[in-house]
Amino acid sequence: MIAEYRGQLYLVEYKVETRPKEQSFYRIDLETDEVYEWEPFSEIIGVSEAGEHLYFYYHEEYRKADGYTFYSVNHIYRIKKDGTEKEELYEWKEDEQAYAGYHGNIKCVGEWIVYLNRRDGKIYRMDQRGKRKMQLPIEREIGQLSVWEDKIYYMDIDGQLYGNDVSGENEYKIN
């Protein structure tokens, strides 16, 4: 995993020769080449409107005491670009690793964090402080989600593509 934002490079280093696999997280200032240890993340999901904070998604998997089944813990957090003021906005757990995380299905759209809930196939939004969570009024079951600028795009489970605004009330079909 590697991502660049405003002169900073965010990097996950994997060491697969160890069991279990080890990960190290870094931020590199591209102007000075300084390397800093960073908070664990799976994906950068957006940037605050003022550009002061980055929003991250992080997915952790754990083996249960029986040694056979798994569970996962998912986090959404925001942090200042310099690595200070980390704030967890939302955390949820899933049993049996049923959905293997939300990677690619959580994004910032304007002042909202929009995500596809794999359990019910619905799109939800919450503000960038992790409050005011609500399901969007979209009746169909969604299979994939993406965003661009202030619009959300999604494909239903039958493969039809739609666009909408972040309110979920202005759906249109894309041929």
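In this structure, CG in Leu161 is found 5.0 Å from CE in Met155, a value given to the nearest 0.5 Å. One distance of note links CD1 of Ile123 with CG of Leu116; it measures 6.0 Å at 0.5 Å rounding. To the nearest 0.5 Å, atom CG of residue Leu136 and atom CD of residue Glu169 are 9.0 Å apart. How far OG of Ser42 is from CZ of Phe56: 11.0 Å, rounded to the nearest 0.5 Å.
Using a distance-only test at 3.5 Å, with no hydrogens or angles considered, a donor-acceptor pair links the side chain of Asp156 to the main chain of Gln160.
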Practice problem: Determine, stepwise, if the pair His53 / Glu85 fulfils side-chain contact (heavy atoms from CB on, under 4.5 Å). | Solution: CA-CA 9 Å; His53 291 89; Glu85 299 183 23; 4.3 Å; yes

Practice problem: Any chance you could lay out the side-chain contact (heavy atoms from CB on, under 4.5 Å) test for Tyr10 and Phe41, step after step, and finish with the verdict? | Solution: CA-CA 9 Å; Tyr10 300 88; Phe41 71 96; 3.7 Å; yes

Quiz prompt | Step-by-step side-chain contact (heavy atoms from CB on, under 4.5 Å) determination, Val12 to Gln23 | solution = CA-CA 7 Å; Val12 180; Gln23 297 176 334; 4.3 Å; yes

Self-check item: Test log, rule side chain to side chain donor-acceptor pair (under 3.5 Å), inputs Arg78 and Tyr55
Solution: CA-CA 4 Å; Arg78 74 183 199 156; Tyr55 292 84; 3.2 Å; yes

Practice problem: Decide yes or no on side-chain contact (heavy atoms from CB on, under 4.5 Å) for Ile113 and Ile76, but give the supporting numbers first. | Solution: CA-CA 9 Å; Ile113 296 172; Ile76 297 174; 4.0 Å; yes

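In this structure, Ile142 and Ile157 have side chains that are not in contact, with every pair of non-hydrogen atoms separated by 4.5 Å or more. Taking 4.5 Å as the limit, every side-chain heavy atom of Tyr90 sits out of range of all side-chain heavy atoms of Tyr57. Using a 4.5 Å heavy-atom cutoff, the side chains of Thr84 and Ile79 are not in contact.
Arg132 and Asp127 get closest at one heavy-atom pair: NE-OD2, 3.2 Å. The shortest non-hydrogen separation linking Ser167 to Pro137 is O-CD, 3.3 Å. What you find for Lys107 and Val147 is that their closest heavy atoms are CB-CG2, 3.5 Å.
For Arg140, the salt bridge (Lys or Arg N to Asp or Glu O under 4.0 Å) partners two or more places apart in sequence, or in a different chain, are Glu171. Contacts of His75 classified as side-chain hydrogen bond (donor to acceptor under 3.5 Å, both in side chains), with partners at least two apart in sequence or in another chain: Glu60, Glu88, Glu91. With sequence neighbours left out, Thr32 forms a side-chain hydrogen bond (donor to acceptor under 3.5 Å, both in side chains) with no residue at all. Residues passing the side chain to side chain contact (heavy atoms under 4.5 Å, CB included) test with Pro40, sequence neighbours excluded: Phe25, Tyr58. Checked against side chain to side chain contact (heavy atoms under 4.5 Å, CB included), Leu9 has the following partners two or more places apart in sequence or in another chain: Ile2, Glu4, Ile28, Leu30. Applying the salt bridge (Lys or Arg N to Asp or Glu O under 4.0 Å) test to Asp29 and every residue at least two apart in sequence or in another chain returns nothing. Evaluation of the ring pair (Phe, Tyr, Trp, His ring centres under 6.0 Å) rule for Tyr162 yields Tyr154 as partners, not counting sequence neighbours. Partners of Arg125 according to the side-chain hydrogen bond (donor to acceptor under 3.5 Å, both in side chains) rule, which considers only residues two or more places apart in sequence or in another chain, do not exist here. A search for side-chain hydrogen bond (donor to acceptor under 3.5 Å, both in side chains) contacts involving Asp158 returns nothing, not counting sequence neighbours.
Donor-acceptor pairing under 3.5 Å is lacking for the side chains of Tyr172 and Asn164.
Using a 4.0 Å cut-off between a side-chain N of Lys or Arg and a carboxylate O of Asp or Glu, Lys122 and Glu139 do not qualify as a salt bridge.
Under the salt bridge (Lys or Arg N to Asp or Glu O under 4.0 Å) criterion, the residue pairs touching residues 30-39 are Glu39-Lys86, with sequence neighbours excluded. Note on residues 125-144: no pairs pass ring pair (Phe, Tyr, Trp, His ring centres under 6.0 Å), not counting sequence neighbours. Listed by first and then second residue, the ring pair (Phe, Tyr, Trp, His ring centres under 6.0 Å) pairs involving residues 117-153 are Tyr115-Tyr124 (not counting sequence neighbours).
A 6.0 Å sphere centred on CG of Asn175 holds no more than 12 heavy atoms belonging to other residues, nucleotides or ligands.
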